[in-house]
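The block underneath contains the structure these notes are about, expressed in structure tokens.
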Amino acid sequence: MLLHSYKITRTLPCLADPEKIRVIAEISDEIHEIFPYLNAILKGCIYNHPALTLTIKKDGKLFTLHAHHITLAKIEDEKEAEEILKWLKDLINETYGKRDPIEPNYSMAAELKALDIFRLLPGTNCKNCGELTCLAFAVKLVGRDAEITRCDPLFSERYQEKKKVLIELLHAAGHEIPSEFLDSKGG
Ligand code: SF4
């Protein structure tokens with residue numbers, strides 16, 4: 001067994017969908033060695049080997065595994081979060097038990113969608129970034145034709161929670177993020 005237990009430590013509003021919640025759970029064991037094996041058997045993961053994160057997309061929800069904690073986004077309530085964490089724990093341990101014949105996959109298999117990015121931008125279309133709309137900026141970000149730091153408003157106090165989640169997503173997808181903007185707890 002690789003992962004013995006988990007504990008929900010923070011519950012926050014979900015930034016992508018105000019009707020849902022975002023959940024952070026601390027975990028009892030380091031789990032990053034299983035990430036390339038999960039990346040090999042699951043479709044649509046975003047794996048960042050240098051950053052030791054794996055984002056799993058399932059039923060429109062996002063689960064990001066870190067070496068020491070897990071974040072869940074677009075969650076209905078704590079009951080659903082517990083069910084997903086149990087599913088993830090079983091998946092991690094079952095995959096760990098049968099990992100020998102699996103060829104580990106170290107590639108970043110999936111790219112972010114512009115709409116995923118757009119929902120986390122301020123949405124004011126202020127044009128400070130040089131684009132006419134936030135959606136146009138999101139498209140440039142996805143295409144790696146722009147740096148997130150060009151969106152000045154995102155770095156203001158008002159949008160700090162959105163900024164944290166967006167930077168975490170971009171970082172997990174392999175975008176270069178200045179180290180001063182990275183938050184090791186993702187919350
Ligand atoms: S600077 Fe940010 S808020 Fe303003 S238009 Fe660009 S992406 Fe939108």
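These numbers come from a predicted model, not from an experiment. Start at 1 and go down the list; that is how both ligands and their atoms are numbered.
- Y47 and Y106 have tilted rings, their planes meeting at an angle from 30° to 60° on a 0 to 90° scale.
- E168 and H66 share a donor-acceptor pair across their side chains, judged by distance under 3.5 Å alone.
- Look at K86 and E82 and you find no salt bridge, because none of the NZ, NE, NH1 or NH2 atoms lies under 4.0 Å from a carboxylate O.
- The backbone N or O of L121 lies less than 3.5 Å from a partner atom in the side chain of K162, making a donor-acceptor pair.
- Take a cut-off of 2.8 Å around atom 6 (Fe) of ligand 1: the protein N, O or S atoms inside it are C129 SG.
- Judged by distance alone, the side chains of T64 and T53 never bring a donor and an acceptor atom under 3.5 Å apart.
- The number of heavy-atom neighbours closer than 6.0 Å to CZ of R150, taken from other residues, nucleotides and ligands shown, is above 12.
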